[in-house]
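The block underneath contains the structure these notes are about, expressed in structure tokens.
All values below come from the heavy atoms of this structure, side chains included, with hydrogens, waters and symmetry mates left out. Numbering of residues begins at 1 and proceeds along the displayed sequence. Every value quoted in this text rests on a predicted model; they were computed, and no experiment measured them.
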Amino acid sequence: MEVVEKEKKKYITSEELKGHNKEGDLWISIQGKVYNVSDWVKEHPGGDVPILNLAGQDVTDAFIAYHPGTAWSHLDKFFTGYHLSDFKVSEVSKDYRKLASEFSKLGLFDTKGHVTSCTLASVAVMFLIVMYGVLRCTSVWAHLGSGMLLGLLWMQSAYVGHDSGHYVVMTSNGFNKVAQILSGNCLTGISIAWWKWTHNAHHIACNSLDHDPDLQHMPVFAVSSRFFNSITSHFYGRKLEFDFIARFLICYQHFTFYPVMCVARVNLYLQTILLLFSRRKVQDRALNIMGILVFWTWFPLLVSFLPNWPERVMFVLASFAVCSIQHIQFCLNHFAANVYVGLPSGNDWFEKQTSGTLDISCSSSMDWFFGGLQFQLEHHLFPRLPRCQLRNISPLVSDLCKKHNLPYRSLSFWEANQWTIRTLRTAALQARDLTNPAPKNLLWEAVNTHG
């Protein structure tokens, strides 16, 4: 009976599947069954980039990581009738899927605790204190403290936006979207649509130099000398030129890293505006624009109530500087990890995440400050897992990495900073070693001799 059933099935090889990896012809395999998602890619809630990056291969692990159990029932309408004739599952993937199944049975994906409600309550309290400090206090120190508190508010609000983008933190999808727009667009000025676009691509192509937008910071930063070949960003669709300006800036990137992080939000505001007013398809564009308008109404208005321009500048810079800790944290999680060039591979999901990710070790009392993202590897492997569960599963992930001889790197905040600066300095010195057809003058030689 089994032989007859097998004969009825239609098969293609993994090599044949690879040919279906272009727009208009996008096939994927999940558990050995082949699906045509060429049309669905336009409606995919996670955007088109993840599917475009993984098309033409088996994506079972990535599908498990990103989709709840209910998503499996929607696959049948995309089934091509084909199965992979050479479908195999690695030992790492078997253990990963087993762990994900156990977490699901234990209800860990659904047990969210009261993190979101507590965080939103703290954000509301901080906002009221900031308003009081600006509108009712006359002391310059009160204004400085208000600016710093606003930066902390932005950090905590961004964590809510991040969580709500990965899983439903509220009682329904509708309220979840409200939480996204409120915590992201309205309070921080950074569009949740922009975040989803870049963040999903980052998760799928973690630390790919040409596919992960979170590593593509030319001409300001380069974490690898491979950027010096002016590689093409497949995410942005343009060449990352390593020209004279890029070379000059990268030569000093280990010195400029922290100052640039202090004003990094300016770039995020710009990226938000560029996306929302671009020709790209943007989910809930009007809602996102309305949320951004809310931010650009209350924030400039609040700053205008400060008594003079020096205090206004101080207030803004103080808020940016405190919030830069979060921007730095994002860099610490990946800048010093392993990088590669090319498309991600769906059948080495676990390996790619462990290779491109660093954890930051801290006491449980600091979990609120880091928003759960100090467990970056755990989050990358199980992005739908609520942050209150990440510390609990950390030992299990560590054991699985040890079993398969894969890296599990958990550094202190200080050590992570050291590793990141060392990575930037190494690339900076390599940039200085590159020969230039034009003769270098003595001043250039003197300035570029030492790091």
Among L373, I360, L411, which one satisfies side chain to side chain contact (heavy atoms under 4.5 Å, CB included) with L332? I360

With W197, which of Q271, Q283, R280 fulfils side chain to side chain contact (heavy atoms under 4.5 Å, CB included)? R280

Around atom OH of Y258, are there more than 12 heavy atoms from other residues, nucleotides or ligands closer than 6.0 Å? yes

Can you tell me if CE on M366 sees more than 12 non-hydrogen neighbours from other groups inside 6.0 Å? yes

Donor-acceptor pair, side chain of [X] and main chain of [Y], under 3.5 angstrom:
X	Y	value
T60	Q31	yes
T111	L108	no
D212	N207	yes
H202	T198	no

Any M261 side-chain heavy atom under 4.5 Å of C331 side chain: yes

Taking 4.0 angstrom as the limit, do D48 and K42 come out as a salt bridge? no

Do the side chains of E91 and K94 get close enough for a salt bridge, i.e. N-O under 4.0 angstrom? yes

Test side chain to side chain donor-acceptor pair (under 3.5 Å) applied to S363 - qualifying residues, sequence neighbours left out: S365

Look at the aromatic rings of [X] and [Y] and report parallel, tilted or perpendicular, splitting at 30° and 60°.
X	Y	value
F335	H217	tilted
F78	W40	tilted
F370	F413	tilted
H199	W195	parallel
H379	H162	tilted

Is the charged tip of [X] near the ring of [Y]: under 6.0 Å from the six-membered ring centre and within 45° of its axis?
X	Y	answer
R238	Y236	yes
K33	F79	yes
R384	F109	yes

Residues that T116 engages under side-chain contact (heavy atoms from CB on, under 4.5 Å), provided they are two or more places apart: L120, V160, V169, M170

Roughly how far, to the nearest 0.5 Å, is the CG atom of N417 from the CD atom of E415? 10.5 Å

With sequence neighbours excluded, residues passing salt bridge (charged side-chain N to carboxylate O under 4.0 Å, His left out) with R409: none

